[in-house]
There are 2 protein chains.
Amino acid sequence: MTRRSYPKGLAKREEILATALKVIAERGFGGATLRELAEASNLSITGLVHHFGTKEQLLTEVLRRRDEVDADAYEMDRLPETAAAMIERLATLVDRNAAVPGLVTLYSNLSADAAAPEHPSHEYFRERYEQSQDLGRDSLSHLQELGELPAGVDPGDLAQLMIAAVDGLQLLWQYDQSIDMTRGLRALGALLALANEGGRSADE
Amino acid sequence: MTRRSYPKGLAKREEILATALKVIAERGFGGATLRELAEASNLSITGLVHHFGTKEQLLTEVLRRRDEVDADAYEMDRLPETAAAMIERLATLVDRNAAVPGLVTLYSNLSADAAAPEHPSHEYFRERYEQSQDLGRDSLSHLQELGELPAGVDPGDLAQLMIAAVDGLQLLWQYDQSIDMTRGLRALGALLALANEGGRSADE
DNA sequence: GTCTATACTCGGATAGAC
DNA sequence: GTCTATCCGAGTATAGAC
């Protein structure tokens with residue numbers, strides 16, 4: 001894409017993104033208007049727009065930033081060696097998100113809005129989901145080869161289920177923050193473990 | 001609440017809701033502005049507002065209508081007798097939704113927006129999720145008693161996972177309508193079956 | 001009790017000066 | 001690269017006609 005053009009504006013962009021993230025984290029998604037964000041950056045609205053084009057593009061960049069940080073935490077490049085380990089990685093991710101409710105709300109709202117194909121952030125989410133599905137499928141296939149997962153289930157289907165569960169739990173959690181999102185995930189983990197025992201005895 | 005007051009306006013309300021549903025189903029969620037909906041009902045904007053108060057309340061009523069229809073399809077009052085049957089009920093629901101993309105989009109967007117406690121539709125969704133969780137927990141407990149579900153998993157946790165999965169799959173599906181949402185659910189169904197075999201042999 | 005007209009707010013986007 | 005000024009679209013609030 002035509003991003004990151006001149007090195008001068010880049011520093012300013014990063015500065016704006018950092019304050020935007022802080023504002024959203026502190027004051028919640030409600031404060032994520034161009035006016036509030038501009039004010040927090042000591043800039044006019046047009047100043048912001050000059051750097052990011054639209055509000056949505058700005059917010060997308062905020063999420064993209066979080067993705068980069070999360071990618072390290074999840075250890076994307078290492079396939080998990082056990083089903084339990086995979087679930088725990090997801091649980092860690094989800095727990096980290098729970099510490100920043102404003103970002104969770106931003107994510108839920110933007111991902112719902114951007115479902116419309118014309119939406120400026122549509123491509124971002126489409127790619128993101130595609131990558132997540134690929135990663136999940138690869139991880140689960142790997143586990144299947146290791147005998148950590150029953151052969152009867154399709155890794156692609158299960159990957160979709162997991163991604164959907166993570167997104168859905170974050171939505172549910174916004175309505176009742178007493179919910180521990182990791183419990184739902186670990187319940188799935190328990191099922192995976194039991195299913196593997198069951199499948200194994202059927203194999204032999 | 002102070003709804004359904006006079007029997008005269010009730011008919012008009014129903015008429016408006018029906019056209020709103022048709023507009024959203026045909027033209028998608030993008031057309032769900034007060035202007036479009038008013039036009040479709042041959043009414044002024046204030047005419048609509050008079051009947052429903054705010055745009056969100058109108059849209060909430062549209063969803064509430066669908067809930068009522070779905071409640072019959074799901075057979076809420078009958079607890080499922082097998083895990084597979086429970087999964088199939090969810091699959092049926094999700095398939096019916098897939099036939100009306102506009103409503104799915106409406107649901108995703110409104111449920112994300114209404115996560116803010118001040119939002120007029122917040123209570124609707126909060127109650128809806130609460131009821132869904134209760135129903136899911138009861139169903140799963142029942143299955144556990146029947147020996148259709150391993151004793152090791154918590155029905156409440158699993159219910160949350162299922163609800164989250166349904167919502168999440170609907171979001172995912174909006175980004176790639178070639179996805180068959182029922183596959184994710186059936187993958188979970190397969191896990192439940194395998195886990196029960198595994199758990200059973202451990203019991204004895 | 002039902003509806004309309006008008007006017008207001010707020011959020012986002014755009015044009016053009018400096 | 002940043003601002004001032006302006007516009008537009010969407011939702012809401014009020015007064016009042018029938």
Side-chain angles (χ1 to χ4, degrees), chain A residues 2-17 19-20 23-24 27-62 102 105-106 109-110 112-114 116 118-122, chain B residues 2-20 23-24 27-62 105-106 109-110 112-114 116 118-122:
Chain A
T2 45
R3 258 179 224 107
R4 267 139 223 158
S5 22
Y6 22 75
K8 187 64 172 300
L10 208 152
K12 194 77 185 179
R13 272 176 63 102
E14 291 304 311
E15 192 188 318
I16 293 171
L17 283 177
T19 37
V23 168
I24 293 169
R27 302 211 279 266
F29 176 61
T33 71
L34 281 182
R35 278 164 181 77
E36 297 251 355
L37 296 177
E39 203 171 322
S41 291
N42 289 320
L43 231 59
S44 70
I45 292 177
T46 8
L48 274 198
V49 170
H50 172 255
H51 286 289
F52 292 94
T54 69
K55 177 198 175 193
E56 275 76 25
Q57 281 167 20
L58 196 169
L59 294 179
T60 306
E61 290 306 314
V62 171
T105 311
L106 168 60
N109 278 84
L110 203 53
D113 286 351
E118 332 80 66
H119 193 284
S121 310
H122 184 78
Chain B
T2 44
R3 262 184 220 108
R4 267 138 223 160
S5 23
Y6 23 76
K8 186 65 173 300
L10 210 154
K12 194 77 186 178
R13 272 176 63 102
E14 291 303 311
E15 192 188 317
I16 293 170
L17 284 177
T19 37
V23 168
I24 293 169
R27 301 211 279 264
F29 176 61
T33 73
L34 280 183
R35 278 160 182 80
E36 297 251 356
L37 296 177
E39 203 171 323
S41 290
N42 289 320
L43 232 61
S44 70
I45 292 177
T46 9
L48 274 198
V49 171
H50 172 255
H51 287 288
F52 292 94
T54 71
K55 176 197 177 193
E56 273 76 26
Q57 280 165 20
L58 196 168
L59 294 178
T60 307
E61 290 305 313
V62 171
T105 311
L106 168 59
N109 278 86
L110 203 52
D113 286 350
E118 332 81 65
H119 194 284
S121 310
H122 184 78

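Sequence lines set the chain letters: A, B, ... in the order given, protein chains first and strands last, and positions in each chain run from 1.
Place Leu48(A) and Pro120(B) on DNA chain D by their nearest nucleotides, and Leu48(A) ends up nearer the 5' end.
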After noting the C-alpha distance and the side-chain angles of Glu39(B) and Leu48(B), does the key distance pass the side chain to side chain contact (heavy atoms under 4.5 Å, CB included) rule?
CA-CA 10 Å; Glu39(B) 203 171 323; Leu48(B) 274 198; over 6 Å; no
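If you measure from atom NE2 of His50(B) to atom P of dT2(C), you get 6 Å, rounded to the nearest angstrom. Between Asp113(B) atom CG and dA10(D) atom P there is a gap of 16 Å when expressed in whole angstrom units. Distance Arg13(B) CZ to dC3(C) C1': 16 Å, rounded to the nearest Å. What separates CG of Leu59(B) from C1' of dA10(D) is a distance of 13 Å, to the nearest Å. The distance between atom CD1 of Ile45(B) and atom P of dA13(D), rounded to the nearest whole Å, is 14 Å. The distance from atom CG of Leu10(A) to atom P of dG1(D) is 11 Å, rounded to the nearest whole Å. One interatomic measurement links the two molecules: CD of Gln57(B) to P of dT12(D), which rounds to 9 Å at whole-angstrom precision. Rounding to whole angstrom units, NZ of residue Lys55(A) and P of dC8(D) are separated by 21 Å.
At distances below 3.5 Å, at least one donor-acceptor pair connects side-chain atoms of His122(A) with backbone N or O atoms of Ala114(A). Remark: side-chain polar atoms of Arg35(A) are not paired, donor with acceptor, to backbone N or O of Ile45(A) under 3.5 angstrom.
Put simply, the side chain of Thr46(A) and the base of dT4(D) share a donor and an acceptor less than 3.5 Å apart.
Within the 4.5 Å cutoff, no side-chain heavy atoms of Leu43(A) are placed close to those of Leu37(A). A heavy-atom distance below 4.5 Å is found between the side chains of Ile16(A) and Phe52(A).
Closest contact between the side chain of His51(A) and the listed nucleotides dT12(D), dA13(C), dT2(D) involves dT2(D). When the nucleotides dT2(D), dA13(C), dT12(D) are ranked by their closest atom to the side chain of Thr54(B), dT12(D) comes out on top. The side chain of Val49(A) approaches dT14(C) more closely than any other nucleotide in the set dT14(C), dT12(D), dT2(D).
Applying a 4.0 Å cut-off to non-hydrogen atoms, the residues of residues 32-44 of chain B that approach DNA chain D are Thr33(B), Leu34(B), Arg35(B), listed by residue number.
What you find for Gly31(B) and Val23(B) is that their closest heavy atoms are O-CG1, 4.2 Å. Shown here for Leu17(B) and Glu61(B), the closest heavy-atom pair between the two residues is CD2-CB, 3.6 Å.
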